[in-house]
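Report on the following structure.
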2 protein chains.
Amino acid sequence: MRPRRLEPKSGCAAELTMSVIGGLWKPTILVNLLMGKKRFMELSRLIPDATQRVLTQQLRELEADGMITRQVFPEVPPRVEYSATDLARSVAPILGSLRDWGNQFRANQQRMEEMEPHCPAEEVDA
Amino acid sequence: MRPRRLEPKSGCAAELTMSVIGGLWKPTILVNLLMGKKRFMELSRLIPDATQRVLTQQLRELEADGMITRQVFPEVPPRVEYSATDLARSVAPILGSLRDWGNQFRANQQRMEEMEPHCPAEEVDA
DNA sequence: CAGAATCCTCGCGGATACTG
DNA sequence: CAGTATCCGCGAGGATTCTG
């Protein structure tokens, strides 16, 4: 049996989804691949903050989960192309909502933190 | 500055969202609280697999992120009620899609695994 | 080029015991 | 009842080096 990855301990289906798309770089990888097939180095350049090791790792996991396909060209120098599957396309809208909500949340947090210094309401009766 | 939690290293907005709702028990907690305010023990009973320590932890994080409110009643025995905020209500649909996709994915995976024993296609020319 | 191998850090989540 | 305090294991992700 492949322990695969986190096999979310909570039976929660939402958790399961996150275990599939929740790797640190997986959303980014998916978004990039959803825009077209890419070779390894292209991805690496597009996501420079991810180590090659981690990138490979996440790609393998996505592949194991059927989210992407990996095509190897037996040439020298070697070439490998990654592309999104239909399954990946089916999460695209979710990725979109996730991104939108995240942006709103981020904006909200910033407004909050800008306000703090100006209204120290807790100090009035301190 | 509060390091809060993972402060997702990838600037990815989707990651940010997951850092907010991605704790192991957070989706479950949120779903429960979205159905109405609950006290600590109620939640603990509803999510028996989460230890009290972790439950408290996740509740604190959700509170810090403005997803829930914590109301303390100065009585003996003490009473604390948790309830979902508007921000939490705004993620509800996302939680829904996450759950739906997870269920479909799970069903898909099971079909795949049931097929494996019956079509060892890779062995024909082995 | 596309990785594999190795070693390491960090923090999530768990277990258990104790308290106002 | 609703936590806190302490200790710990595990796995994700990082840094670096080597290779077909």
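Order of the sequence lines fixes the chain letters, A, B, ..., with proteins taken first and strands second; residue numbering starts at 1 for each chain. Quantities reported herein were computed from a predicted structural model and do not represent experimental measurements.
The distance from atom CD of B:Gln71 to atom C1' of D:dA2 is 15 Å, rounded to the nearest whole Å. Following rounding to the nearest Å, B:Leu43 (CG) and D:dG3 (C1') show an atom-to-atom distance of 13 Å. As rounded to whole Å, 8 Å separates atom C1' of C:dC12 from atom CG of B:Leu24. Rounded to whole Å, the distance from CZ on A:Arg39 to P on C:dA2 is 4 Å. Rounding to whole angstrom units, CD of residue A:Glu81 and P of C:dC1 are separated by 15 Å. Following rounding to the nearest Å, B:Phe40 (CZ) and C:dT19 (C1') show an atom-to-atom distance of 14 Å. For the pair B:Glu15 CD and D:dA12 C1', the computed distance is 12 Å after rounding to whole Å. Rounded to an integer number of Å, the gap from CD of A:Glu42 to C1' of C:dA2 is 13 Å.
The side chain of B:Met41 lies closest to D:dA2, out of C:dC1, D:dG3, D:dA2. Here the nucleotide nearest the side chain of A:Arg70, chosen from D:dG14, D:dG3, C:dG3, is C:dG3.
Taken to the nearest 0.5 Å, the CD atom of B:Glu61 stands 10.5 Å off from the CD1 atom of B:Ile68. The CG atom of A:Leu59 sits 5.0 Å away from the OH atom of A:Tyr82 when rounded to the nearest 0.5 Å. From A:Arg79, atom CZ reaches atom CE of A:Met41 across 15.0 Å, with rounding to the nearest 0.5 Å. Here CD1 of A:Ile47 is found 9.0 Å from CD of A:Gln58. Values are rounded to the nearest 0.5 Å. Rounding to the nearest 0.5 angstrom, the gap separating the CD1 atom in A:Ile29 from the CG atom in A:Leu34 is 11.5 Å.
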Sub-3.5 Å pairs of nitrogen or oxygen atoms, protein against nucleotides 18-20 of chain D:
none

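Residues from residues 45-60 of chain A placing a heavy atom under 4.0 Å of any atom in DNA chain C, listed by number, are A:Gln52, A:Arg53, A:Thr56, A:Arg60.
A donor-acceptor pair under 3.5 Å links the side-chain atoms of A:Ser19 to the main chain of A:Leu16, judged by distance alone. At distances below 3.5 Å, not a single donor-acceptor pair connects side-chain atoms of A:Thr51 with backbone N or O atoms of A:Arg53. Looking only at distances, no side-chain donor or acceptor of B:Ser83 sits under 3.5 Å from a matching main-chain atom of B:Lys37.
A:Tyr82 comes within 4.0 angstrom of sugar-phosphate atoms only, judged by non-hydrogen atoms across all strands, and of no base.
The two residues B:Ile94 and A:Ser97 come nearest to each other via the heavy atoms CD1-O, 3.6 Å.
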